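None of these values were measured; they are calculated from a predicted model. Chain letters run A, B, ... following the sequence lines, proteins first, then strands; residues in each count from 1.
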Amino acid sequence: MDKKEKIEEIPEERLQKLEKVKSSGVSPYGGRFKRTHSIADLNEEMEGEVIIAGRLIAIRKHGKSIFFDLWDGSAVIQIYLNCSFIGEEKYNIFQEGIDIGDFIGITGEVFRTRMGELSVKASNWTLLTKTMRPLPAKWHGLKDVEIKYRQRYLDLIANAKAREVFALRSSLTKELRRWLDEQGFTEVETPILQAIPGGAAGKPFRTYQDALKMELFLRIAPELYLKQLLVGGEEKVYDLNKSFRNEGLSTRHNPEFTMLELYEAYADYEYMMEFCEKLILNLADTILGKRQITYQGMKIDLSPPWRRTTFNEALRELYNVDIKTEDLKSLTQKLRAAKVEIPGENITRSGIVRLLEKSLASTFPTFIIDYPAFLCPLAKRKKDNLDVCERFELFAGGIEIANAYSELADPIEQRKRLYEQADVVDEGFLLALEHGMPPASGMGIGIDRLIMLFTDSASVRDVILFPQLGAVTQD
RNA sequence: GCCCCUAUAGCUCAGUUGGAAGAGCACCUGACUCUUAAUCAGGGUGUCCCAGGUUCGAGACCUGGUGGGGGUACCA
């Protein structure tokens with residue numbers, strides 16, 4: 001597809017209008033434009049002229065006068081363009097050459113129309129950008145989800161809900177950083193390109209470093225590096241990170257996703273549960289201003305303390321199985337007997353998580369605690385029950401939100417447990433542990449999922465500006 | 001990976017048992033100096049996702065493919 005063909009795709013009438021404004025001596029693309037106000041700033045008491053700019057989003061032509069709506073991201077205001085006031089030449093160029101979608105600068109006085117609408121009576125207008133394609137939707141909104149995701153800018157123009165979600169996302173991460181700083185945490189950055197991806201079970205993306213002639217992987221989690229910082233003397237660290245997992249996509253999984261991972265020395269998972277409550281409640285209070293939320297029709301009360309139930313209790317309650325006395329195989333058999341569909345040989349960690357997710361679509365956030373040790377190789381075992389680890393996961397609205405544990409600091413046991421699960425292990429991490437890591441607890445929070453919960457979004461794609469989609473066909 | 005649903009105008013959608021591609025808005029032409037989903041008169045602007053097949057005839061039926069959605073699997 002060459003450039004010439006691309007130009008031919010632009011609607012003919014837009015090309016004609018472009019020529020029309022050019023031949024009238026109006027530049028179709030402006031430059032720096034000094035505004036005196038944002039549109040939201042405007043009010044009736046203003047004296048003299050204001051200068052504003054924005055995108056023309058609706059127009060009502062009346063022969064010798066035109067009303068149109070100008071939007072600048074802060075607000076919308078009506079502009080009144082009058083032929084005899086602004087002059088016939090300027091009026092006619094506007095009338096013939098300007099479209100919905102164009103960016104316009106306006107100079108004029110604020111006034112109220114007979115119908116009572118706050119407006120600006122234009123004494124001059126400036127074309128700032130000519131638009132070559134029509135904007136979608138006026139009052140249908142934009143519904144085509146593929147266009148929403150591929151051309152997010154159109155979604156942001158057409159749908160207030162989309163603007164709200166991403167504004168909330170921005171203020172949430174901002175407040176998260178502010179609060180963590182207030183708690184004495186240090187924000188750090190850890191490698192995205194890793195030679196041995198660790199800290200989680202996901203399948204990594206592969207890449208290649210030419211200069212070093214080595215295969216590298218995009219990280220699946222920052223965990224092993226953050227723990228090395230504890231060895232190095234940091235006591236409270238976090239990495240608000242993008243991690244990457246080369247697996248199937250779903251309403252809850254995007255291949256690249258945002259996660260908060262934090263570690264605190266001298267803490268354990270009991271402490272971390274309280275910390276988790278405080279962290280999420282602070283966000284709910286400051287960002288949402290409430291603790292009662294609705295997610296996909298479920299009313300959820302965030303008031304603390306949140307329910308805690310052990311992994312074993314949860315499974316016993318739901319399926320009458322007791323993992324204390326069974327291994328993975330008999331657990332799988334019992335669950336099958338309880339009519340749980342389990343493909344493959346044995347149930348997996350994520351299979352169990354999904355069972356819990358489904359059954360915990362409850363009205364309270366719930367900590368599932370004390371997981372079987374074989375499900376968490378990086379967590380510390382409980383003193384009084386070595387088959388179980390000090391780990392919790394937080395579920396709310398049927399979504400897995402957080403995952404945390406008391407960290408395993410024993411390098412000998414850590415080496416054993418990692419090699420039980422994988423052939424290639426990050427020896428650098430084990431070497432660090434051998435130099436001594438203080439007792440600590442760490443937690444990961446799925447930021448995309450937390451935003452889903454806070455914005456009542458059904459899909460993770462609705463809270464990620466540019467979610468991963470398939471290839472566009474070029475036929 | 002597997003199963004189900006889905007793709008028609010710029011947008012939102014209709015299209016009957018297979019028989020001349022439609023509506024509203026947008027857009028274009030004209031009228032109109034306080035409208036706000038402006039109004040009035042006129043105009044259809046289309047690779048019916050793609051490639052085959054069945055048929056006298058396919059937007060519709062069949063096969064394969066692609067994109068999208070949902071479910072399921074993988075995600076210590």
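Look at the C1' atom in both B/C32 and B/A38: the space between them is 11 Å, to the nearest Å. For B/G69 and B/U8, the P atoms lie 15 Å apart once the distance is rounded to whole Å. Comparing the same atom, C1', in B/A31 and in B/C49 gives a spacing of 42 Å after rounding to whole Å. B/U45 and B/A23 are spaced 11 Å apart, taking the P atom of each and rounding to whole Å.
Looking at A/Phe166 and A/Leu465, their side chains come closer than 4.5 Å, going by heavy atoms from C-beta outward. Here the side chains of A/Pro255 and A/Leu249 are in contact, with some heavy-atom distance below 4.5 Å.
Between A/Lys61 and B/U39 there is no side-chain polar atom (N or O) within less than 4.0 angstrom of OP1 or OP2. Between A/Arg60 and the phosphate of B/U35, there is no side-chain N or O to OP1/OP2 separation shorter than 4.0 Å. Applying the 4.0 Å criterion to OP1 and OP2 of B/A73, one finds that A/Ser250 has every side-chain N and O outside that range. Contact annotation: A/Arg245 does not reach the phosphate of B/C74 (side-chain N/O to OP1 or OP2, under 4.0 Å). Considering only side-chain N and O atoms, A/Arg150 lies under 4.0 angstrom from the phosphate OP1 or OP2 of B/G68. Put simply, A/Arg14 has no side-chain N or O that comes within less than 4.0 Å of OP1 or OP2 on B/C28.
B/C34 makes up no base pair with any nucleotide shown, lacking Watson-Crick or G-U wobble contacts both under 3.5 Å. A 3.5 Å limit on both hydrogen-bonding distances identifies B/A23 as the Watson-Crick or G-U partner of B/U12.
For A/Ile98 and B/C27, the CD1 to P distance is 14 Å, given to the nearest whole Å. If you measure from atom CD1 of A/Ile57 to atom P of B/A26, you get 14 Å, rounded to the nearest angstrom.
Nucleic acid contact class of A/Cys83 (heavy atoms, under 4.0 Å, all strands): none. A/Phe85 comes within 4.0 angstrom of nothing in the nucleic acid, heavy atoms only.
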**Request:** Determine, stepwise, if the pair A/Asp155 / A/Tyr149 fulfils side chain to side chain donor-acceptor pair (under 3.5 Å).
**Result:** CA-CA 8 Å; A/Asp155 188 30; A/Tyr149 300 151; over 6 Å; no
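Each of A/Phe68 and A/Ile147 was matched to the nucleotide of RNA chain B holding its nearest heavy atom; the match closer to the 5' end belongs to A/Ile147.
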What's touching nucleotides 4-9 of chain B from the protein side, N or O pairs under 3.5 Å?
none

Distances for protein N/O vs nucleotides 42-45 of chain B N/O pairs under 3.5 angstrom?
none

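Comparing B/G70, B/U35, B/G69 against the side chain of A/Glu117 picks out B/U35 as the nearest.
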